[in-house]
Amino acid sequence: MSRIVKIFDTTLRDGEQSPGCSMNLKEKLEMAKQLERLRIDVIEAGFAIASPGDFESVQLVANEIKNATVASLARSTEKDITTAYEALKGAVNPRIHYFLATSDIHMEYKLRMSPEAVLEKAIAMAKFARNLCGEVEFSAEDASRTRPEFLYQVLEGVINEGVTIVNVPDTVGYTTPGEYFKFIEGIRNNVPNIDKATISVHVHDDLGLGVANSLAAVQAGAGQVECTVNGIGERAGNAALEEIVMALKTRYDVYQVDTNIDTTQIYRSSRLLSKLTGVRVQPNKAIVGENAFAHESGIHQHGMMANKETYEIMTPESIGLKENKMVLGKHSGKHAFVDKLASLGYTLSDDEVLDLFDQFKVLADKKKVISDKDILALVEQKQLAIPEVYSLDRFVISTGNTISTAATIRLRKNGDLIEGVSLADGPISAGFKAIGELVDCGELTLIDYGVTAVTDGTDAQGEAQVKISDGTHVYHGRGLSTDIIDASLKAYVDAVNQMLYIQETQTSEAQ
Ligand code: KIV
Ligand code: ZN
């Protein structure tokens, strides 16, 4: 039987703390549920002490996720570790993940601690954390730039106190595959009690070597790899989960290890994360980029027709890219719809199904073929819904290439109707301007806007993303419709609702 390498996902912690990738509570829970469908071994749900919002999201994920270990990050203080444990208490398998830097440069300039004090603290916190929680992981921050002899001492000390996972990150993305291989080998050969712990790696991508370094570490015997969906994370990001998992699967002949991941959930996980954060993946991104399985040149297409393996080293199906088309129309029953939801991994309440089924029928009136992606878009839209202060009631936009565009927008505000008109150069800017004036939330700046088609075809649903700023924060809204102007206006209104929701929840947290 081959060795299983555990996959530790830190999309909700290291990923979420990177610019433009923040998520609200509901969004984090949706992502965690998708990670559970992906069969991730460990979900790092956040950094519980960072803010009341972080605490709440770690707690929610810990309470809801049943089939993965849930971890919270903590610095090496009793308060951090206790807070992490408090947030994790409801988890089926909780794990405290505490860290302390061990490189000379971090100890001297960041921690202002001597190596002796760092060693003592790492060991004391191991003891403290193990008294609270059955499973504890220790990370030696900046391990790849740490003096090996000192690192061996620290790892031995924390393992003696019951730490069972020792993570040795390449925090600044500095190492190279050959060097990291030897580094892991060194740990295996020089830490006397290393057989009582799993070696974990966590690699940043500053030199574009994150995945290669992680794979080299696996070859050297690492038993856990930390990574993020789409490779999001601090600076240049973390090693990309989908690339590591598919490299291990596709080149099993080289690595001879398995993971527990259901690779057919990879594409969906990538897509959901992009939707939640509004950060799209580059078209040529390995595994999940739009062009990753597109064969454009004639020679390649010819080869593919003769035998797919001429140019295809893995199938789109293996990452869940090709989907079943489900042709449902007005006359299709709720039963088939519920079956489809179940096959996509959703079990919803009767009320939720009824509501979604109504939306599905409206869509079926407009589109001939309803695919899995259409259904997913509807479900995600519903599950991510937040309390709506404003909603789009109706709009009329007159536009042309020789006149100014006029947008008349009617919104519903807590049940009341409010209407306004604005002129601008195009339909989207006129519509956004009218909404901005109607909502009376001060100066709002449009930071980012885009529309993507959920499926192919001229009748496809458009998914619009809008990011606005009130001068202090950026808020991200989404809208879905077969009409892209409708989708865009809904996305702007959603961004305003997100802003009010976040402001409201932050105020109640502060009280
Ligand atoms: O990059 C890093 O070193 C980290 C640790 C806190 C695990 O994120
Ligand atoms: Zn990191």
Side-chain angles (χ1 to χ4, degrees), residues 6-19 21-22 40-50 54 58 69-77 80-81 83-84 88 95-107 109-111 113 118 121-122 125-126 129 135-146 150-151 154-155 158 163-175 180 183-184 187 197-211 213-214 217 222-241 243-244:
K6 298 269 176 76
I7 302 296
F8 174 118
D9 178 275
T10 183
T11 305
L12 295 174
R13 198 277 298 169
D14 221 341
E16 205 260 349
Q17 74 194 37
S18 60
C21 290
S22 59
I40 288 291
D41 299 288
V42 187
I43 298 174
E44 186 160 56
F47 191 176
I49 197 140
D54 279 65
V58 174
T69 295
V70 180
S72 169
L73 189 67
R75 286 166 301 192
S76 287
T77 69
D80 266 48
I81 291 173
T83 308
L88 289 170
R95 178 187 294 183
I96 293 175
H97 175 198
Y98 80 103
F99 72 98
L100 190 60
T102 50
S103 64
D104 285 344
I105 188 165
H106 275 235
M107 289 190 293
Y109 294 100
K110 190 182 80 172
L111 299 176
M113 284 168 79
V118 165
K121 169 133 274 174
M125 290 303 110
E135 195 166 85
V136 176
E137 169 171 340
F138 168 69
S139 279
E141 193 189 9
D142 206 17
S144 59
R145 295 193 300 169
T146 298
F150 179 60
L151 183 64
V154 175
L155 299 184
V158 299
V163 165
T164 48
I165 304 98
V166 284
N167 185 36
V168 283
D170 182 31
T171 303
V172 290
Y174 180 70
T175 196
Y180 209 39
F183 171 76
I184 301 295
I187 292 170
T198 299
I199 301 175
S200 169
V201 288
H202 172 118
V203 182
H204 282 268
D205 205 29
D206 299 65
L207 292 172
L209 293 172
V211 171
N213 289 335
S214 305
Q224 174 179 283
V225 179
E226 304 193 358
C227 43
T228 59
V229 175
N230 295 344
I232 65 166
E234 284 279 329
R235 308 180 308 278
N238 288 58
L241 179 149
E243 295 177 26
I244 293 169

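Computation of the quantities below employed the complete heavy-atom set of this structure, encompassing side-chain atoms and omitting hydrogens, waters and symmetry-equivalent molecules. Both ligands and their constituent atoms are indexed starting at 1 by order of listing. Numbering of residues begins at 1 and proceeds along the displayed sequence.
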Straight-line distance of Thr69 OG1 to Glu137 CD, nearest 0.5 Å | 10.5 Å
Whether Thr146 side chain and Ser103 backbone form a donor-acceptor pair below 3.5 Å | yes
Do you know which N/O/S atom name in His202 is closest to the Zn ion (ligand 2)?
-> NE2
Using a 4.0 Å cutoff against the non-hydrogen atoms of [X], which atoms of ligand 1 qualify?
X      : value
Asp14  : 8 (O)
Pro169 : 3 (O)
Glu141 : 3 (O)

With nothing but distance in play, are any N or O atoms of [X] less than 3.5 Å from an N or O of ligand 1?
X      : value
Asp142 : no
Arg13  : yes
His202 : yes
Thr171 : yes
Ser139 : no

Heavy-atom distances under 4.0 Å are what count here, so tell me which part of His204 touches ligand 1: side chain, backbone, both or neither.
-> side chain
Examine the side chains of Asn238 and Thr228 and answer whether a donor and an acceptor come within less than 3.5 Å of each other.
-> no
With a 3.5 Å cut-off and no angle check, do the side chains of Thr175 and Ser144 form a donor-acceptor pair?
-> no
Where the Zn ion (ligand 2) is the corner point, what angle links OD2 of Asp14 with NE2 of His204, to 10°?
-> 100°
Which atom pair, heavy atoms only, marks the closest approach of Val211 to Ala240?
-> CG2-N, 3.7 Å
Contact summary for Arg235 and Thr171, nearest pair of heavy atoms = NH2-O, 2.8 Å
Mind running side chain to side chain contact (heavy atoms under 4.5 Å, CB included) on Phe99 and Arg75 for me, showing each step along the way?
-> CA-CA 5 Å; Phe99 72 98; Arg75 286 166 301 192; 3.6 Å; yes
Could you check Val203, Leu207, Val201 and say which one makes a side-chain contact (heavy atoms from CB on, under 4.5 Å) with Asn213?
-> Val203
